[in-house]
Amino acid sequence: MKPFLVSLCFGLIAFVFGRPLIAQKNYRDLIIFLIFLSLSFSLSILQILGINIPTPTKGIETMVKLFVTTNFSYQPVGE
Amino acid sequence: MIEKGKISQYQLFAMVVLFVFGSTTILRSINIAGRDSWISGILALFAGIFLVLVIVSLSKRCPGMTIIEYSQVILGRTLGKIVGALYIWYFFHLGALVLRNYGELLTSAIMPETPLWFFHLTLALLASYLVYHQLEVLGRVSELFFPLTVAISFATTIFLLISGLPKVENLLPLMERPISDIIKGAVPMASFPYWELIVFTMILPYLNLQASGKKVLTCGLCFGWLLLFMIMVEDIAVFGEYMATLTFPRYYAIRLIAVGDFIERIEPLVLGIWLLAGLVKVGICMFGFVLGLAQLTGMKDYRSLAIPAGVLMAILADISYSNVFEMLSFAVNIYPVYAFPMQIGIPVVLLVVSIVRKKKLKKNAPSKANPASFRRISNKGEQNGY
């Protein structure tokens with residue numbers, strides 16, 4: 001039921017925002033809009049189905065730790 | 001120009017204050033500087049002013065352009081596009097992180113049974129609505145929310161004082177930590193939120209009086225800092241070093257307010273007003289993201305991207321961390337290093353390159369004997385935005 005509702009919402013968004021772009025023959029904007037919409041639609045479906053999406057935070061953390069190890073956290077005096 | 005709106009000085013000022021105040025007020029705690037973190041806060045202000053000077057200097061060199069556009073002018077098309085893509089990612093990620101901050105606060109403090117995604121999606125779609133209606137609406141909304149935010153900040157500060165909770169002893173001894181720790185403590189404070197003002201490189205070209213950009217940004221930054229500084233000192237005075245163990249210190253401080261028998265438990269009202277500031281901050285990040293993307297890909301209008309951007313931001317906010325402690329650790333230890341190149345590294349490089357290139361242009365300026373070639377170089381300089 002949930003994936004169906006989400007698909008319906010995205011279909012509605014595509015119709016409302018895509019139609020004026022087609023009317024204006026603004027195909028460049030339409031293509032970029034559709035790419036973004038499909039990306040957000042696929043990620044939403046994955047989220048709803050409970051499929052784990054890899055988080056960029058882990059990658060960023062690993063990258064940062066490759067170059068520098070920082071600790072700005074609070075430490076009690078004397079430790 | 002994709003964005004046709006113009007904002008007034010007051011609107012920009014309100015946007016800067018709400019942006020600085022935004023999620024910082026809910027998360028700010030003491031760091032490696034311990035109870036001297038408020039001194040680190042003063043150092044962080046100078047770091048923020050330095051960024052404002054860099055931003056304004058760049059926008060004067062390339063008037064009417066956003067960072068996405070002038071990075072291509074200064075560094076060349078290919079390198080400029082790479083830099084532009086980095087900024088687009090940063091604005092997008094920043095928006096998602098702010099969403100997550102608010103989501104965590106709302107679930108852990110007020111509505112523990114409501115799923116996180118609900119808060120992310122609601123806030124992101126509201127921000128999408130603002131962005132869809134373009135910059136002028138974002139400016140007007142900031143104008144509207146600004147007095148509320150300021151009033152509630154001062155009111156809670158006064159209520160806490162009347163409640164007799166802040167104790168001067170909690171601020172003492174002064175300079176308990178070595179000076180190196182206090183300087184180190186200024187780094188995460190500058191990074192979050194003062195250096196995040198880099199997002200305003202996407203908004204500055206739309207100020208109605210370009211000449212006043214420096215004044216407005218600096219005043220907004222200083223006013224936002226004043227609010228945060230006041231809150232920080234008061235929170236340390238209330239909790240002392242125990243503040244480090246709290247996830248949302250300001251929220252817990254406000255819960256303790258009890259004036260007489262009638263001003264108590266005012267935290268839902270305060271939280272509501274904090275949410276408004278958060279909405280403006282997410283809206284500004286989203287505006288930077290969609291406008292930047294439209295400029296980078298050569299779109300005619302960015303508005304169609306607002307809703308997909310909101311959904312994507314909500315999803316990224318949802319998958320960013322597995323719990324609140326991971327979020328706090330990332331915000332203090334990883335974020336300052338990760339964001340450093342985008343926040344201050346690249347703008348300084350852009351400024352240096354643009355100064356060197358301008359000097360080269362002047363040096364190569366021909367003598368009176370060949371005025372035609374001088375004209376050619378001048379035109380090239382003008383085309384490059386110098």
Side-chain angles (χ1 to χ4, degrees), chain A residues 2 6 9-10 12-22 24-48 50-79, chain B residues 29-35 37 89 93 96-97 117 121 132 176-177 181 184-189 191 241 243-245 290 293-294 297-316 318-322 326-330 332-338 340:
Chain A
K2 273 187 197 168
V6 169
C9 286
F10 275 92
L12 202 69
I13 294 170
F15 179 72
V16 171
F17 293 98
R19 208 174 57 157
L21 295 177
I22 296 170
Q24 291 161 16
K25 292 187 178 168
N26 193 351
Y27 297 116
R28 192 191 187 93
D29 284 19
L30 182 71
I31 291 168
I32 296 162
F33 164 66
L34 287 178
I35 290 171
F36 262 76
L37 196 69
S38 342
L39 187 68
S40 51
F41 173 65
S42 358
L43 289 175
S44 308
I45 292 289
L46 289 178
Q47 276 283 87
I48 284 166
I51 296 165
N52 212 3
I53 305 169
T55 163
T57 314
K58 293 276 175 217
I60 292 167
E61 221 172 306
T62 317
M63 280 266 285
V64 166
K65 281 180 181 166
L66 268 181
F67 296 106
V68 58
T69 314
T70 50
N71 188 8
F72 297 114
S73 298
Y74 167 81
Q75 282 143 10
V77 180
E79 279 186 26
Chain B
S29 185
I30 53 174
N31 53 32
I32 193 162
R35 68 178 90 231
S37 292
W89 162 253
H93 194 202
L97 297 181
W117 65 261
L121 196 64
Y132 180 77
E176 184 186 21
R177 311 266 168 160
D181 279 1
K184 259 175 99 179
V187 177
M189 285 188 162
S191 170
E241 293 216 339
M243 189 177 165
T245 59
V290 292
L293 189 68
T297 52
M299 286 174 81
K300 285 180 188 152
D301 191 357
Y302 63 81
R303 286 182 301 166
S304 57
L305 294 176
I307 302 266
V311 176
L312 279 175
M313 234 177 217
I315 294 172
L316 182 60
D318 217 41
I319 62 171
S320 283
Y321 315 106
S322 44
E326 211 176 275
M327 179 182 88
L328 294 174
S329 166
F330 183 86
V332 175
N333 293 321
I334 306 294
Y335 181 76
V337 184
Y338 151 68
F340 185 83

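So you know, we letter chains A, B, ... as the sequences are listed, proteins then strands, and number each from 1. Just so you know, these numbers use all the heavy atoms, side chains as well, and skip hydrogens, waters and symmetry mates. Model, not experiment: these values are computed from the prediction.
At a 4.5 Å heavy-atom cutoff, the contact between B:Glu241 and chain A is made by backbone and side-chain atoms alike. At a 4.5 Å heavy-atom cutoff, A:Pro20 makes no contact with chain B through either its backbone or its side chain. Contact annotation for A:Ile13: only side-chain heavy atoms (C-beta onward) come within less than 4.5 Å of a heavy atom of chain B. Only the side chain of B:Tyr132 comes within contact range of chain A, with heavy atoms under 4.5 Å apart. The parts of B:Tyr338 that come within reach of chain A are both its backbone and its side chain, each placing non-hydrogen atoms under 4.5 angstrom from that chain. Heavy atoms closer than 4.5 Å to chain A are found in the side chain of B:Ile307, but not in its backbone. At a 4.5 Å heavy-atom cutoff, the contact between A:Gln47 and chain B is made by side-chain atoms alone. Using a 4.5 Å cut-off between heavy atoms, B:Leu293 contacts chain A through its side chain alone, with no backbone atom that close. In this structure, chain A has a heavy atom under 4.5 Å from the side chain of B:Leu316, while its backbone stays farther away. In this structure, chain B has heavy atoms under 4.5 Å from both the backbone and the side chain of A:Asn71. Both the backbone and the side chain of A:Leu39 come within contact range of chain B, with heavy atoms under 4.5 Å apart. At a 4.5 Å heavy-atom cutoff, A:Phe67 makes no contact with chain B through either its backbone or its side chain. Contacts between B:Asp181 and chain A at a heavy-atom distance below 4.5 Å are absent for every atom of the residue.
Between chain B and the residues A:Ile60, A:Val68, A:Leu43, the most heavy-atom pairs under 4.5 angstrom are made by A:Ile60. Comparing B:Asp301, B:Leu328, B:Leu312 by heavy-atom pairs within less than 4.5 Å of chain A, the highest count is held by B:Leu312.
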- Item | Stepwise side chain to side chain contact (heavy atoms under 4.5 Å, CB included) test for B:Ser320 and B:Met327 | CA-CA 8 Å; B:Ser320 283; B:Met327 179 182 88; over 6 Å; no
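The shortest side-chain heavy-atom distance between B:Ile319 and A:Pro56 falls under the 4.5 Å cut-off. Contact annotation: the side chain of A:Ser44 approaches that of A:Phe10 to within less than 4.5 Å [non-hydrogen atoms, C-beta and beyond]. Under the 4.5 Å side-chain criterion, counting only non-hydrogen atoms from C-beta, B:Asn333 is in contact with A:Ser73. B:Ile334 is listed as a side-chain neighbour of A:Lys65, based on a closest heavy-atom distance under 4.5 Å.
Note that the CG atom of B:Asn31 and the CE atom of B:Met243 stand 9.5 Å from one another [nearest 0.5 Å]. The OH atom of A:Tyr27 sits 7.5 Å away from atom CD1 of A:Ile22, with the distance rounded to the nearest 0.5 Å. Atoms CZ and CZ, on A:Phe17 and A:Phe33 in that order, are 7.0 Å from each other to the nearest 0.5 Å.
Of all heavy-atom pairs between B:Pro336 and B:Val187, the closest is CB-CG1, 4.2 Å.
Each of A:Ile32, A:Ile35, A:Ile31, A:Asp29 was checked for a side-chain contact (heavy atoms from CB on, under 4.5 Å) with B:Thr297, and the lone residue meeting it is A:Ile32.
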